[in-house]
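A quick note: this is a predicted structure, and the numbers were derived from the prediction, not measured. Chain A is the first sequence line, chain B the second, and so forth, proteins listed ahead of strands; every chain is numbered from 1.
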Amino acid sequence: MSVTLNNIVMDYSGNLALDDVSVTFGFNEVHGLIGENGAGKSTLINVLSGTVSPTSGDIYINDSLVKLGTPCDALLHGIAQVSQEGSLVPQLSGAENIMLGAEPKYLGSIIRRKDLLYRAERLLNKWFPEASISLDRSVETLGVADQKVIEIVRALRGNIKILILDEPTAALQSREKEQLWKIISSLPQKGVGVVLISHFLSEIKLLSNKVTVLRDGKFIDTLQVENTTEGNLIDLMLRRTGATKGSGEVKNRSFVGGKTVLSVKNWKAGQVSVPQFEVMAGEIVGLIGLTGAGHFGFVRSLYSKEGLISGTVEVEGKPVAGNVRAMQRSGVAFVPDHRMENSLMPDGSVTENLSLVHPDFAARSGILNFGVEKAEVVRIIDLLNIKTSSRGQLLRNLSGGNKQKVSLGKWLYGAENKYCVMIFIEPTEGVDIGAKQEIYRKIRALAKQGMGIIIASSDLLEIEHIAQRVVPFVNGFPSKEIFAEDFSEKRFISALSGENA
Amino acid sequence: MSRKVQEMDIKKSKNIQFNMEWVQKYSTLIVLVLMFIGFSVSVDRFMTIVNLTNILQQISILTIVGCGLTFGFAAKEIDLSVGYIVGLTGILVPMLLVNGVDLWFAITIGMGAGLVVGITNGLLVTKIGIPSLIATLATGSILFGINFMLTGGRAIYGGLPDSYLFLGQGRLLGVPILAFFMIAAVALAWFVMERTVFGRYIYAVGGNEKAAELSGVRIVFYRTAALTIVALFAAVAGALLAARLGSGQPNVGERYLLDGLATVFIGMTMFRPGTATVLGTFCGALFIGILDNGLNLIGMDSYIQNIVKGIVILVAVAIVSRTTKLKLL
């Protein structure tokens with residue numbers, strides 16, 4: 001009694017989100033599915049729930065081939081999904097939400113309210129007799145855990161054999177979590193298998209019987225949970241055995257000297273808490289962590305003051321108050337992740353994008369001088385080797401690597417000696433290998449010119465390759481830093497599991 | 001050998017791509033020219049100097065409104081109160097003039113009123129966070145009420161100074177004075193949008209607000225400024241409209257909302273598809289002007305003209321939405 005995905009490939013125009021993944025989910029188990037962001041978990045469950053059709057590969061239910069073209073197909077085959085964000089109608093009652101789309105009616109049009117409440121309560125009791133939730137109240141007045149239960153009951157309304165739960169406890173307090181854990185672990189005994197996605201490895205260990213690890217769209221392993229440790233799972237999620245590098249060059253990369261260009265003290269923002277953090281001129285500091293560990297959140301809050309609770313930041317010894325513009329004026333540049341949302345104008349030209357930060361470089365009293373602008377744009381295009389058919393080419397027509405170069409280049413356009421610190425998040429996300437090397441070379445050159453560089457990245461290999469000092473983040477806190485002579489994947493991974501060496 | 005073939009293939013596909021881009025950029029312009037030729041051939045009175053200057057006179061005020069709206073659209077803000085701002089200054093200025101106020105002072109007051117409305121619209125959107133579509137719908141309704149309150153629903157006429165009427169009705173060397181205002185407005189708007197840092201920032205805010213913010217652009221200022229400029233251009237248009245009509249009427253501004261939006265939408269189909277540009281808007285105004293005029297000369301009923309215009313807007317927006325996601329809420 002199981003559903004099997006066989007050799008699933010999902011090709012998003014050359015980008016393999018799933019690369020030949022095969023996995024079997026039983027109807028009598030909780031099956032954990034883990035991997036870093038971009039590992040392919042969401043794509044895999046979207047294939048399983050019929051939301052997307054794979055490029056190739058087969059799906060078998062109890063050894064018979066099925067086609068799950070739409071979520072409706074999947075439901076008919078007994079596969080239901082509860083998404084992370086929640087899909088309840090907040091104004092409707094719990095009962096109305098549970099019976100949504102299947103309300104009992106008089107004459108096919110008037111809802112039988114009493115019958116609806118009765119049926120909803122019967123469903124709730126069938127699955128979770130111990131739960132006490134008043135189903136006649138609108139769900140927005142209920143707690144987050146109760147809302148999740150209602151969603152699960154609704155998902156189980158048909159003849160469901162596999163329930164996909166995507167980060168079900170992400171928004172819950174710890175007491176509520178335990179309540180939901182009980183409910184989840186009771187499902188296999190009732191003949192419903194669970195596919196559980198969670199960033200909390202402790203949760204995966206506690207609830208699942210088996211766990212499957214994905215990395216970069218590839219199937220890594222399926223393990224019996226009792227035979228593994230959290231450290232082992234992190235290792236499987238992160239390890240990249242493919243590329244090794246000569247260790248000789250690393251040893252003498254350690255950084256000496258340089259004045260402090262960025263100094264952060266007692267920083268508290270959202271879940272992140274950093275007592276002290278410093279960057280020296282000419283230094284490349286890498287920030288690493290598991291998803292949600294706070295390494296991205298820290299630098300983001302540093303720049304935009306998003307969610308800032310307390311803390312001070314000094315640039316070249318001068319305190320900086322205020323957000324983006326103040327940071328910028330005092331000499332901090334920021335190349336964010338998700339460049340198309342955070343950094344670039346897809347319908348703007350290469351010129352307009354490159355000149356976005358300092359258009360006034362090519363202007364006198366606010367009026368643009370196209371000659372000066374052209375010369376500077378050409379300088380940046382040559383400097384970063386940006387491949388574009390013309391300066392007027394629309395940005396969205398560029399390849400990923402060249403887009404990323406523009407995202408970096410706009411901080412170099414007209415910015416001679418303006419910046420002493422440059423912050424990157426995922427500097428090579430979605431960038432081909434050639435452009436990657438060029439970006440690394442440029443970052444090193446900037447450091448050599450005396451800039452302090454911060455790189456927050458989920459790519460350990462990248463950090464190992466370019467950083468001179470690494471600060472690992474665990475649960476929102478920076479742990480003991482690692483210096484270049486101690487760099488190794490093993491060292492990084494053990495640091496991320498919270499084991500201080 | 002095979003490499004050569006491949007290279008040729010690439011060249012060919014590049015050519016095709018280039019042509020597609022070209023067609024996308026200029027198809028509306030071609031339709032405009034074809035329409036012009038079509039009317040010239042089929043309607044006797046169309047291709048006469050009298051009629052052509054007539055068209056210029058007819059589109060001048062519309063173009064000025066459209067130029068303002070272009071700033072709004074470039075920053076991804078819409079202004080639905082624009083017609084009532086035209087109405088407001090179209091009442092305020094003649095009212096002041098009838099009461100003996102000096103011409104330039106009256107016009108200054110009119111511009112001041114536009115400025116106040118524009119800044120109000122801008123702050124409602126940026127500081128309070130109401131989407132511009134809704135905020136300006138509401139301020140438009142308020143202005144509509146004020147316009148009728150000011151006039152009691154009656155037109156203001158008689159006693160307007162000749163110097164004022166000359167602005168709306170006079171000609172210089174056979175060219176309507178209004179056309180000079182239009183050309184000045186187009187030139188100014190074009191210059192600011194295409195040749196200044198200010199214009200770059202307006203486009204940046206509309207192109208990707210988040211990216212602009214993280215690049216240090218003061219997005220609140222530029223969004224507010226965009227909506228203020230919309231109102232200022234509308235205020236100029238209102239003052240000129242009353243001069244052209246020789247009277248201040250509370251309800252003549254309304255048609256400039258729909259027609260003004262139409263000019264921008266049509267303009268967004270050309271030059272830089274999906275983006276509002278001043279020259280695009282100008283072509284959009286020509287499009288509407290020639291269409292209106294031609295259909296009039298054929299003798300088509302005005303309500304059928306409305307239907308035709310509605311269809312033109314739909315087609316334009318459909319083309320724009322195909323290339324980019326039109327997001328205004």
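Crowding of Lys268(A) atom NZ: a count of heavy atoms from other residues, nucleotides or ligands under 6.0 Å not exceeding 12. Within 6.0 Å of CD on Glu306(A) lie no more than 12 heavy atoms contributed by other residues, nucleotides or ligands. Around CD of Gln84(A), the count of heavy atoms belonging to other residues, nucleotides or ligands within 6.0 Å exceeds 12.
Heavy-atom pairs under 4.5 Å with chain B were tallied for Val324(A), Asn323(A), Asn342(A); the largest tally goes to Asn342(A). Chain B forms more heavy-atom pairs under 4.5 Å with one residue of Pro359(A), Ser407(A), Ser365(A), Ala326(A) than with any other, namely Pro359(A). Of the listed residues (Ala362(A), Ser343(A), Gly348(A), Ser349(A)), the greatest number of heavy-atom pairs within a distance under 4.5 Å of chain B belongs to Ser343(A). Between chain B and the residues Asp360(A), Asn369(A), Leu368(A), the largest count of heavy-atom pairs under 4.5 Å involves Leu368(A).
Residue Leu356(A) touches chain B through both its backbone and its side chain, counting heavy-atom pairs closer than 4.5 Å. Residue contact with chain B, scored on non-hydrogen atoms closer than 4.5 Å, involves the backbone of Glu341(A) exclusively. Looking at Arg195(B), the atoms closer than 4.5 Å to chain A (heavy atoms on both sides) sit in the backbone and in the side chain alike. Contacts between Met340(A) and chain B at a heavy-atom distance below 4.5 Å involve the backbone alone (N, CA, C, O).
Checked for salt-bridge contact, Arg325(A) and Glu213(B) miss the test: no charged N lies under 4.0 Å from a carboxylate O.
Considering all non-hydrogen atoms of both residues, Leu214(B) and Tyr303(A) come closest at O-CE2, 3.9 Å. Scanning all heavy atoms of the two residues, the minimum distance from Tyr201(B) to Val357(A) falls at OH-O, 3.9 Å.
Residues Arg200(B) and Glu373(A) meet the side-chain proximity criterion, which asks for heavy atoms closer than 4.5 Å.
Judged by distance alone, the side chain of Asn208(B) and the main-chain N or O of Pro346(A) form no donor-acceptor pair under 3.5 Å.
Expressed to the nearest 0.5 Å, how far OG of Ser215(B) lies from CH2 of Trp411(A) amounts to 5.5 Å.
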